[in-house]
Structure formats: structure tokens, C-alpha cells
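This report refers to the structure that appears directly beneath it.
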Amino acid sequence: MPELPEVETVVRDLRPLLVGRVLLDVSNGAKRLRYPWKPTWNRRIRGLSVEAIGRRAKFIIVGLTQDASLLIHLGMTGQLTCVPDDEIVADHLHLRFRLSGGFELRYRDIRRFGGVEFHTGQASLEKRFESVALGPEPWLMDGDNWVASLMASSRAIKSLLIDQSTISGLGNIYADEALHRAGIHPARQAKSLTRPESTALLQAAGCVMEEAIAGRGTTLRDYVGGSGLGGTHQHSLAVYGREGEPCSRCGLIIIRIMIAGRSSHFCPGCQSQDIGKRGGNRVLP
DNA sequence: ATGCAGTCCTGTAAGC
DNA sequence: TGCTTACAGGACTGCA
């Protein structure tokens with residue numbers, strides 16, 4: 001399930017493989033994606049070449065000549081890879097962009113929660129981003145604005161962390177990891193956090209993401225990077241997916257509860273329900 | 001306005 | 001063994 005670190009890894013992998021290549025053609029499968037590719041785009045991409053590749057939150061932006069771009073979201077199981085065009089074709093492959101030099105940019109997505117869009121002009125792209133109302137990424141979030149957002153919300157802090165309009169890039173895995181690192185119980189009301197706790201949580205979110213990027217992301221099920229290689233950060237997770245195992249910091253057994261319809265993993269020792277208790281203002285390695 | 005539950009989708013695993 | 005059911009969750013819709 002690609003969150004910010006996985007998307008960043010895909011971008012970094014693809015950059016040397018993709019930049020400078022010309023889009024020759026595209027073929028798309030019959031199954032409808034959440035963000036569907038329109039057949040009218042087929043001829044419009046022909047002859048455009050890749051100038052840059054970047055990322056905003058969990059969206060990948062492939063910058064093309066003539067001010068055009070591809071906007072890609074991987075959803076839950078999306079895979080964007082650049083491979084030689086004779087590479088074996090796997091199931092659930094939805095889009096194949098034929099590239100110069102005998103390569104293909106492939107979009108594969110088992111559960112079809114993602115997709116690829118074509119945009120022309122900066123305005124079209126900006127309008128698209130406005131419609132999803134993305135908050136800042138953790139390391140760009142202003143501390144005072146962050147504290148204010150938390151103080152204004154009676155929601156569970158876990159629910160706020162995965163809400164892309166408040167802060168972008170975190171999903172279920174890294175939200176659980178950030179809460180554990182900051183010593184905050186996921187069910188705490190956002191407005192119950194003290195200022196030091198809020199600040200520690202923001203810092204923890206940034207650290208967790210940076211470490212995950214360094215490990216090429218977390219491969220639990222379907223995620224692979226842009227060259228098809230998986231991540232290694234699953235070996236470094238402190239709480240996510242570790243229900244019933246002892247906490248590496250205090251030894252208590254990690255618990256899983258449901259918050260806002262999502263699994264939330266936490267350590268009852270390190271993450272107290274009580275305000276300011278048990279290391280709420282610490283950021284530990 | 002706010003926040004929750006439901007929806008989409010398929011593969012995997014648990015349970016009977 | 002073979003079926004049914006639950007679960008995984010990013011982003012969106014609809015409802016209270």
C-alpha cells in the first residue's frame with residue numbers, strides 16, 4: 001500500500017530510466033480504473049518526451065514536453081515500472097506506454113484503486129490538485145498551523161493523521177508508526193494533545209517517513225519500486241502488523257484496535273491514553 | 001460544518 | 001476438501 005515513502009521510491013527509481021525518453025504509443029486494458037485513462041488521450045501523448053518526474057503527496061507527476069503531464073496515483077496496489085518491452089506481461093496490467101529505446105512504462109494495479117491521467121497545461125494540473133485539497137507534507141508543515149489544526153478537532157488523532165487534507169503523505173502504516181514513536185495513543189482526541197505532544201508527533205511523522213525512504217519503502221504485499229524491486233522497511237516497523245508481538249522498546253504486547261474503520265496498532269506501555277504520560281513529548285530513535 | 005460509515009476492488013487467509 | 005466470510009485501506013460519497 002503505497003504511502004509517501006513508497007511513492008518517492010518509485011519516483012527516484014524511474015527518474016534515470018524515464019527522463020529523455022519519447023512516448024511512442026499507449027495501449028490500455030478494458031477494465032476500468034478508479035482514475036480512468038481516456039482513449040482520446042492515446043494520440044495526444046504520441047511524440048511527447050519525458051522532461052522530469054516528481055511527486056506531490058502520493059501523486060506522481062511525469063512532466064512531458066509541450067507543458068503536458070501524466071498524473072499517477074497508485075491507490076492500494078498500483079505499480080508503475082519502466083522495463084524492457086520484451087519483459088513478461090503480468091496479470092492486472094492496465095496501461096503500457098511504449099517508449100523510445102525499447103522500453104515500456106507499465107501501470108499494473110490488482111485492485112484498480114489508482115490510475116493514470118493526462119493533463120495539458122499547468123492550470124489543469126493545479127485545478128486537479130485543488131479538487132483533492134492536499135495539506136502540506138510533514139516536513140513542510142508549519143508547527144503553529146499543525147497545533148491549531150489539532151486543537152480544532154475532536155476526532156481521534158489517528159483519523160486526522162491519515163486525512164490528506166490536514167497533512168499529506170501518511171497512510172495507515174506510517175500513522176501507526178509515527179504515533180508509536182511519539183508515544184501517543186491513536187484513539188486520543190486530537191485536541192487533547194499538549195503542544196509538546198503535537199510537536200513531537202509532527203517531528204516523528206517526518207522521521208518515520210525519512211527512514212522509510214532510506215529503506216526504499218515498505219513491501220508487505222504488492223508494492224514494488226519503479227524498477228520492480230521491493231522495499232526493506234517492513235523489517236523496521238515498530239508496531240504496524242505486529243499485533244501480539246512484544247514492543248521492542250518496553251516489551252509489552254502490541255494491540256490492534258479499529259479506529260475510523262482502519263486497523264490501528266499500538267503499544268499499551270509506550271502509548272498511554274492519558275495526556276502527557278509515557279513519553280508523549282519525546283521523539284525516540 | 002463535522003465526522004462517521006459505506007463503497008469500490010481482488011487476493012489471501014481463516015473458519016466451518 | 002471446498003465453500004463462505006473477513007480483512008487489507010486510499011480516496012471518495014452520502015448521511016446523520
Side-chain angles (χ1 to χ4, degrees), chain A residues 1-10 28-37 55-61 71-80 90-95 107-117 127-135 137-138 148-179 186-193 205 209 212 217-224 230-231 233-234 237 239-244 254-266:
Chain A
M1 37 225 87
E3 303 180 29
L4 188 154
E6 289 74 33
V7 175
E8 176 66 25
T9 302
V10 171
N28 55 311
K31 291 205 169 180
R32 188 182 173 84
L33 300 168
R34 158 153 227 150
Y35 305 105
W37 178 262
R55 174 189 67 73
R56 170 71 179 98
K58 301 176 192 171
F59 288 90
I60 296 167
I61 306 160
L71 184 66
I72 299 134
H73 199 295
L74 302 177
M76 287 286 303
T77 54
Q79 300 176 349
L80 189 68
D91 280 350
H92 310 292
L93 185 61
H94 302 291
L95 287 160
Y107 182 75
R108 175 173 186 253
D109 191 346
I110 295 166
R111 281 153 71 179
R112 290 147 54 201
F113 278 15
V116 182
E117 296 174 358
K127 196 177 161 191
R128 182 68 178 78
F129 277 122
E130 273 171 38
S131 74
V132 289
L134 289 171
E137 307 196 359
S149 297
L150 266 54
M151 295 216 314
S153 174
S154 54
R155 294 163 69 181
I157 184 60
K158 167 68 184 285
S159 165
L160 209 71
L161 266 183
I162 60 176
D163 180 348
Q164 301 300 299
S165 67
T166 307
I167 186 167
S168 63
L170 285 102
N172 210 36
I173 297 173
Y174 299 116
D176 280 3
E177 293 297 309
L179 285 163
R188 291 262 307 274
Q189 272 199 324
K191 63 180 170 190
S192 82
L193 270 66
M209 299 280 218
T218 302
T219 294
L220 291 176
R221 274 172 278 274
D222 303 297
Y223 161 74
V224 296
H233 194 68
Q234 59 276 14
L237 297 177
V239 285
Y240 183 87
R242 299 194 53 208
E243 182 189 15
I254 292 160
I255 291 173
R256 180 170 70 100
I257 59 172
M258 295 299 271
I259 295 170
R262 298 287 174 253
S263 275
S264 297
H265 311 72
F266 69 100

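This structure is a prediction, so every number in the text was calculated from the model and none was measured. We name chains A, B, ... by the order of the sequence lines, and we start the count at 1 in each one.
- Mapped onto DNA chain B by nearest heavy atom, A:S159 and A:R111 fall at different nucleotides, with A:S159 at the one closer to the 5' end.
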Open item on the list: side chain to side chain contact (heavy atoms under 4.5 Å, CB included) for A:M209 and A:E8? Distances and angles first, verdict last.
Closed with: CA-CA 10 Å; A:M209 299 280 218; A:E8 176 66 25; over 6 Å; no

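- Side-chain contact check for A:R128 versus A:Y35: some heavy-atom pair is nearer than 4.5 Å.
- What separates CD of A:E243 from P of C:dC7 is a distance of 11 Å, to the nearest Å.
- By the 4.0 Å N-to-carboxylate-O rule, A:D109 lies too far from A:R34 to be salt-bridged with it.
- Between the CD atom of A:Q234 and the P atom of C:dA8 there is a distance of 18 Å, rounded to whole Å.
- Atom CZ in A:R32 sits about 14 Å away from atom C1' in B:dC9, given to the nearest Å.
- Residue A:D163 contributes atom CG, which lies 15 Å from atom C1' of B:dA5 at whole-angstrom precision.
- Between the P atom of B:dT10 and the CD1 atom of A:I110 lies a distance of 11 Å, rounded to the nearest Å.
- The CD-P distance, from A:Q79 to B:dC9, rounds to 19 Å in whole Å.
- In terms of phosphate contacts, A:T77 brings no side-chain nitrogen or oxygen within less than 4.0 Å of OP1 or OP2 of B:dG11.
- Taking 4.0 angstrom as the limit, A:S263 places a side-chain polar atom (N or O) nearer than this to OP1 or OP2 of C:dA8.
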Task: Heavy-atom protein contacts under 4.0 Å, nucleotides 11-16 of chain C, coded B base, S sugar-phosphate only, - none - done: BS----

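- A close approach under 4.0 Å does occur between a side-chain nitrogen or oxygen of A:H92 and OP1 or OP2 of B:dG11.
- By the 4.5 Å heavy-atom criterion applied to side chains, A:L237 and A:E177 are counted as neighbours.
- The interatomic distance linking A:N172 (CG) with C:dC7 (P) rounds to 14 Å, in whole Å.
- Contact annotation: the side chain of A:Y174 never approaches that of A:L4 to less than 4.5 Å [non-hydrogen atoms, C-beta and beyond].
- Counting any heavy atom pair closer than 4.0 Å across all strands shown, A:S154 reaches sugar-phosphate atoms only and no base atom.
- For the pair A:L33 CG and B:dC9 P, the interatomic distance rounds to 11 Å; values are reported in whole Å.
- For the pair A:Y223/A:V10, a side-chain contact is recorded, criterion being any heavy-atom separation below 4.5 Å from C-beta on.
- Aromatic ring orientation, A:H73 versus A:F59: perpendicular (interplanar angle above 60°, classes split at 30° and 60°).
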